[in-house]
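Accompanying notes for the structure given below.
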Amino acid sequence: MRFATKPIRVGQELEPGHRSVIQPLYQSATFGWNSLSEIPAIDYTRCQNPNRQTLEQIIAALENGKHCTVFASGMAAIMGAFSLLQSGDHLVMASDIYGGTFRVAEKLLPKWGIQCTEVSAQDSKAVEDAIRPNTKMVIFEGPTNPNLRLVDIQAIAEVARRNGILSVFDNTFASPYLQNPLDLGVDIVVHSTTKYIGGHSDVVGGALVTNSQDIHDEMFEYSKTVGAVPSPFDCWLTVRGLKTLSVRMKQHCENAQAVAEYLEGHPKVAKVHYPGLRSHPDHSLAKKQMRGFGGMVSFEVAGTGEDACTFAEGCQVFLLAESLGGVESLIGYPPLMSHATMTEEQRVSKGIPPTLIRLSVGIEDVDDLIEDLEQALAKVPVRTASAV
Ligand SMILES: Cc1ncc(COP(=O)(O)O)c(C=O)c1O
């Protein structure tokens, strides 16, 4: 079965009672037993539920994986991956990682006796050099947030394999439509299904996908024990969102390319970060590793941090809000939103100047998007180099 057909057909038979085409919502905490000698396959919704099972089958199929476990949020999924670590273990973490993952590594892992080293995952030798005898896992992601740099997934997965450690890749920004890290040798794929997988900004969720039966068994036990599971309705909504993943992603990519090209030609824009631009440092790797360049664009306003805020607040079609991956276009100001918990020094060291804006380009008419950017840029004062 090909990619676009999978979310529409995998795990979805006509329901036997009324032959409903869409799977009914099993909004039930518990399921009856026929007898004490016959344990039902699904007996209690913290452990499993038919809507959740269907969602897991679809996400596994889209990632070309054998197994999937879904969670109540992307962070709960990341905690699931970290539950494979124990006291005395060491984690290698990409320095360009989602802020929530960074927060777990900084605040929680030390309490549990797990050490962590941050390295640039763009340098596979640096990743290998960071591995110690007690290293158990490397976690990385790409395109990265907010600078949309790429990491050679196959190279890092190979380093992990050679050193006998687990590789965990957060594929949220690309979605399975654009890249399948398991095919490149990664052990565990993470998703915040809140983003492109759900696609409509109406549900928070997460997923882990793997080909390993052992890892899957541990994830199932972990999720059952901790109980950070999504509700049946959240799973139902996510399945509905997933059915249009292919068409949405095509439009996200097309619109984002047009927006990036428009911004690159604008005199009030100092720099555009989009893997689909020839000027992007990882353009060749993106062409090799991805099937499209994604819906995320970031750029630096030619001016001050204040100018970037004026621009962000001046947009009308792009909504000023956290998150990404929904059908609607969102605008984010990383210093006050996704990266607000870092100091300015930490942000600048990660390539996040006060002039940086992040766009999640939606699937609206692209002319409306470009007109919106145009009118918001018109509100930004023209600065001479000395005034910046
Ligand atoms: C790359 C990435 N991973 C994980 C998460 C966490 O996901 P959630 O908000 O669903 O917990 C996010 C959220 O923005 C993200 O951008």
Side-chain angles (χ1 to χ4, degrees), residues 52 55 59 63 68-83 91 93-108 121 138-151 153 167-179 181 186 188-209 223 226-231 234-235 237-238 241-242 252 273 275 290 294-298 319-326 328 330-334 336-342 350 352 356 358-361:
R52 173 176 149 192
L55 176 61
I59 296 177
E63 280 293 7
C68 171
T69 314
V70 291
F71 291 85
S73 68
M75 285 317 304
I78 289 167
M79 291 306 290
F82 285 161
S83 75
L91 168 76
M93 181 175 79
S95 41
D96 235 355
I97 198 101
Y98 171 62
T101 312
F102 175 80
R103 197 161 49 230
V104 173
E106 193 186 45
K107 305 258 193 264
L108 296 182
V138 56
I139 184 162
F140 61 124
E141 66 188 44
T144 60
N145 179 24
N147 284 327
L148 306 169
R149 293 299 307 267
L150 262 71
V151 169
I153 301 173
S167 51
V168 179
F169 185 83
D170 186 334
N171 202 23
T172 299
F173 266 47
S175 90
Y177 179 80
L178 296 177
Q179 65 191 12
V186 160
I188 302 175
V189 171
V190 175
H191 277 287
S192 164
T193 58
T194 316
K195 318 300 180 193
Y196 289 106
I197 285 187
H200 295 75
S201 304
D202 52 8
V203 60
V204 170
L208 292 181
V209 192
S223 106
V226 172
V229 294
S231 73
D234 283 358
C235 296
L237 276 176
T238 309
L242 260 178
H252 281 299
H273 308 272
M290 299 173 76
M296 300 300 295
V297 176
S298 64
L319 304 171
L320 185 60
E322 301 265 22
S323 202
L324 63 121
E328 64 292 311
L330 300 182
I331 184 161
Y333 182 58
L336 291 180
M337 296 168 98
S338 54
H339 293 73
T341 52
M342 289 180 184
K350 286 176 185 279
I352 309 172
L356 192 79
R358 190 187 83 177
L359 303 176
S360 171
V361 181

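What's counted below: heavy atoms across the whole structure, side chains too, no hydrogens, waters or symmetry copies. Order of listing sets the numbers, starting from 1, for every ligand and every atom in it. These figures come from a predicted structure and were not determined experimentally.
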Report every pair formed by an N or O atom of ligand 1 and a protein N or O atom separated by less than 3.5 Å, giving atom names and the distance to 0.1 Å.
unit_1   : atom_1 : unit_2 : atom_2 : d
ligand 1 : 3 (N)  : Asp170 : OD2    : 2.6
ligand 1 : 7 (O)  : Ser192 : OG     : 3.1
ligand 1 : 10 (O) : Gly74  : N      : 2.9
ligand 1 : 10 (O) : Ser192 : OG     : 2.8
ligand 1 : 10 (O) : Thr194 : OG1    : 2.7
ligand 1 : 11 (O) : Gly74  : N      : 3.0
ligand 1 : 11 (O) : Met75  : N      : 2.9
ligand 1 : 14 (O) : Lys195 : NZ     : 3.0

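- In plain terms, the two heavy atoms of Val204 and Ser73 that are nearest each other are CG1-CB, 3.7 Å.
- Using a distance-only test at 3.5 Å, with no hydrogens or angles considered, a donor-acceptor pair links the side chain of Thr193 to the main chain of Gly205.
- Remark: Lys350 pairs with Glu118 by the salt bridge (Lys or Arg N to Asp or Glu O under 4.0 Å) rule, at least two apart or across chains.
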Would you tabulate the side-chain donor-acceptor contacts of residues 97-105 under 3.5 Å, counting partners in other chains and residues two or more places apart, or write 'none'?
none

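- Taking Arg358 as the reference, nothing meets the salt bridge (Lys or Arg N to Asp or Glu O under 4.0 Å) condition, with sequence neighbours excluded.
- Residue Gln179 comes nearest to Pro143 through the heavy atom pair NE2-CD, 4.4 Å, listed as atom of the first residue, atom of the second, then distance.
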